[in-house]
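Everything below concerns the one structure shown next.
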Amino acid sequence: MRKNWWIIPVGILAYIGFKKFLLSRNISVFFKGFDFSTITLLNPVVTIKVQVNNPTNTSADIQSIRGDLQIDGVFVGSVQGFTPQTIQKGVNILNIPITLSYGGVADLISKFNRKGFRLDFTGAMIVDFIPIPLQFNYAI
């Protein structure tokens, strides 16, 4: 028994790793809306709200989110300063702060049209050290 003492700890770590891997494959993310209430001239931050569905019985930690926001093909801002959060079982609402670029917003205003706009977010979130692509589109 002394020769194979490592089997139990390795088995436990493999089980935890496998559960976390399944969790990262089953998480789904959906766009919910915007929050413009925190936007000021000195702190141009808009918050994108997304719904994260966790169908497993295991909670997970989001270590970071990286990504860029484009409106009608114009770079408008990127994620900066995301606070790590825990995703519980079921439905979770996640707020992603996007720091706006003054140049991108000025370019967007100069190309403004009344036909509507298309929002594209491309990036990734790190869930339990496993990268998950985070992409969604929204058109008005």
Side-chain angles (χ1 to χ4, degrees):
M1 181 69 175
R2 296 219 183 244
K3 291 181 183 180
N4 297 331
W5 64 269
W6 56 271
I7 292 176
I8 293 174
V10 168
I12 291 170
L13 289 175
Y15 174 73
I16 291 170
F18 182 69
K19 284 189 84 170
K20 296 296 184 178
F21 176 75
L22 286 178
L23 173 72
S24 69
R25 294 294 178 203
N26 292 323
I27 286 179
S28 57
V29 180
F30 301 100
F31 175 75
K32 292 295 280 184
F34 297 104
D35 182 11
F36 293 104
S37 64
T38 59
I39 203 165
T40 63
L41 189 58
L42 296 176
N43 187 20
V45 176
V46 64
T47 303
I48 294 179
K49 294 180 182 270
V50 294
Q51 175 180 327
V52 180
N53 294 334
N54 179 5
T56 65
N57 291 331
T58 307
S59 64
D61 295 322
I62 299 177
Q63 283 84 23
S64 68
I65 294 180
R66 298 283 180 246
D68 295 327
L69 177 68
Q70 294 184 354
I71 298 178
D72 289 337
V74 176
F75 172 79
V76 177
S78 61
V79 177
Q80 307 224 348
F82 178 77
T83 304
Q85 295 183 10
T86 300
I87 303 172
Q88 302 298 332
K89 176 185 174 187
V91 176
N92 300 275
I93 300 297
L94 186 65
N95 296 320
I96 303 173
I98 307 285
T99 303
L100 299 178
S101 162
Y102 289 116
V105 173
D107 191 27
L108 183 66
I109 291 171
S110 69
K111 296 179 179 179
F112 181 74
N113 62 20
R114 294 187 175 198
K115 297 177 186 174
F117 65 90
R118 179 179 172 85
L119 175 136
D120 295 311
F121 183 85
T122 56
M125 66 179 179
I126 308 296
V127 178
D128 288 336
F129 304 106
I130 298 171
I132 297 175
L134 186 61
Q135 296 182 332
F136 51 84
N137 304 330
Y138 184 73
I140 293 181

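Computation of the quantities below employed the complete heavy-atom set of this structure, encompassing side-chain atoms and omitting hydrogens, waters and symmetry-equivalent molecules.
In the hydrophobic clustering of this structure, F75 does not group with V46; members are Ile, Leu, Val, Met, Phe, Trp, Tyr whose side-chain heavy atoms approach within less than 4.5 Å, directly or through other members. Under the 4.5 Å side-chain heavy-atom criterion for ILVMFWY residues, no single connected hydrophobic cluster contains both I93 and V52. F34 and I71 fall within the same hydrophobic cluster, where Ile, Leu, Val, Met, Phe, Trp and Tyr residues are linked whenever their side-chain heavy atoms come under 4.5 Å apart, directly or through other members. V29 and I62 end up in the same hydrophobic cluster when Ile, Leu, Val, Met, Phe, Trp and Tyr side chains are linked at under 4.5 Å.
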* Run the side chain to side chain donor-acceptor pair (under 3.5 Å) check on D61 and Q63 step by step: do they pass? -> CA-CA 6 Å; D61 295 322; Q63 283 84 23; 4.9 Å; no

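The side-chain heavy atoms of K49 and N95, taken from C-beta on, include a pair separated by under 4.5 Å. Counting only heavy atoms from C-beta outward, the side chains of I96 and M125 never approach each other to under 4.5 Å. Using a 4.5 Å heavy-atom threshold, the side chains of F82 and L94 count as touching. Using a 4.5 Å cut-off on side-chain heavy atoms (C-beta onward), I98 and V79 make contact. Between N92 and Q85, every side-chain heavy-atom pair lies at or beyond the 4.5 Å cut-off. Using a 4.5 Å heavy-atom cutoff, the side chains of V76 and Q70 are not in contact. Put simply, the side chain of I48 reaches to within 4.5 Å of the side chain of L69, judged on heavy atoms.
With values rounded to the nearest 0.5 angstrom, I65 atom CD1 is found 10.0 Å from T83 atom OG1.
F121 and G67 get closest at one heavy-atom pair: CZ-CA, 3.8 Å.
N54 places a side-chain N or O within donor-acceptor distance of the main-chain N or O of Q88, the cut-off being under 3.5 Å. The main-chain N or O of R118 is found under 3.5 Å from a side-chain atom of D72 such that the two form a donor-acceptor pair.
Using the six-membered ring where Trp is involved, F31 and Y138 have ring planes that are tilted, between 30° and 60° apart.
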